[in-house]
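One-based numbering, in listed order, for ligands and for the atoms of each.
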Amino acid sequence: MEIRHCSPLGATLLSQTYESLEDAVNEAANQAVRAYCQGTFSVGGVMLDNSGNVLNALHNNVVEDGMTFDPTAHGERQLIDWYYDQISSGALLPPPEEITILTSLDPCCMCSGSILSSGFNVVSAAFDTFSGIDYDTLADFPSLDPALRPVAQATFSYPEVSGDSCFARPATSAPLPAFFSQTVINQNTQALCLSLFEATLSGVQDTVNNDLPPDLLIDPATLAPDDPLVIALRDIYPQALTYKAPSLGTPDAGLAPYLLEAAAIDAERGGKGSSVAFLDYFGNLMLCLPGNQVHSPVQTPFMLTTRSWAQLRHQLYQQEGDRVLQYFGHPKYGTFVLTLGQDTAASSLIDLGAYGSTMEEALPAENPWSLQYVVPSIPQSALTAYCQTLPPLYSQSIGVMPRQVSDRALIDAVTEGLPLTARRGAESLAL
Ligand SMILES: [Zn+2]
């Protein structure tokens, strides 16, 4: 198959081919070094076709300029979105099943959900016993729905690491892609991948959470309509600041029309007919967005909402400075409201993981319910049990635990409106 290379995202090696696993892991480590120097999580990845040709190589971009740029900008997730961007612009790339993402660190929940939703193969160098999908290193994938475990065992490879140190290991899970003629990682390269990541972990988590406490936040509803912050916000979501919940974490039926409108667009764009509203500390509706899964299966409503909020703050901070942080707070002091609740499918793993990557540390005691849904996809008891199987970052450190909104009128209004939403989406797709 002819491969056409198009405008890659980051530093690339388009003429490079890797038949040696060690060489490919070295390139992922090179990317992780760049991430270290940028002050973000030191993780890098390379996307390879079935001949070992490099399609793209890039690194984590969660933090830029000392501030959260995009909590979803992990290497693997960015490579997947890059792939679908290329497909949309007409590039002739192989299907995901014929592509391998080689990463310096085991994928987190968000990235594992993204990989499983898309069908790529993955090769991981270092284990991540804190947030990796193979956190117990046994390749039994306890955080995946039982139906997805054999899929991961057939597509997620953990190659042999040579040597007699604690970094050495046997190969586990899926066999390596066949194009690798050399199939072992040197223990020193493995040590570099792990130690680089560990060197940045707590510092970047602190950066992601380095925000004003809620008592220093100012209600953005007091801003003039022509304030640059309001203009930039409404450029993303024109209806921002036109609804306010009665109090923090308790949206009422007034939110229903916004959720349903975005859910209808989501259905038209290949989603399940869901949407995500972000309400700030004061209850203001800041964003309510659909996904864009017809473009990329990893562009769920939650992914686009948390990314849009972070990038808006990052962009405005460059222009307006500290006042941005006074009016637009960290999402841990607000509430994400999903039209449809999560289940145990790969697309929900993306969202639960992305929520974890948005928080990174324990939820604030004054706001433990920053992830809520209106209409359940599975019973709350099943969702609670599932969240307890997630890797330690999510289940123990953060305590990721969605719950249903408390307002019965909101639940009824959205439930009554949803069949119409789904029908609109189906009609649109049939055209
Ligand atoms: Zn990740």
Gln372 (side chain) donor-acceptor with Trp369 (main chain) under 3.5 angstrom: yes

Would you call the rings of Phe141 and Phe156 parallel, tilted or perpendicular if under 30° counts as parallel and over 60° as perpendicular? perpendicular

Classify the angle between the aromatic ring planes of Tyr84 and Phe120 as parallel (below 30°), tilted (30 to 60°) or perpendicular (above 60°). perpendicular

Name all pairs fulfilling the salt bridge (Lys or Arg N to Asp or Glu O under 4.0 Å) condition that reach into residues 280-307, sequence neighbours left out, sorted by first residue then second. Asp70-Arg307, Asp81-Arg307

Residue from Ser117, Ser118, Cys111 passing side chain to side chain contact (heavy atoms under 4.5 Å, CB included) with Ile80: Ser118

Counting neighbours of CD on Glu19 that are heavy atoms of other residues, nucleotides or ligands and sit closer than 6.0 Å, is the number greater than 12? no

Restricting to distances shorter than 2.8 Å, give the number of protein N, O or S atoms close to the Zn ion (ligand 1). 3

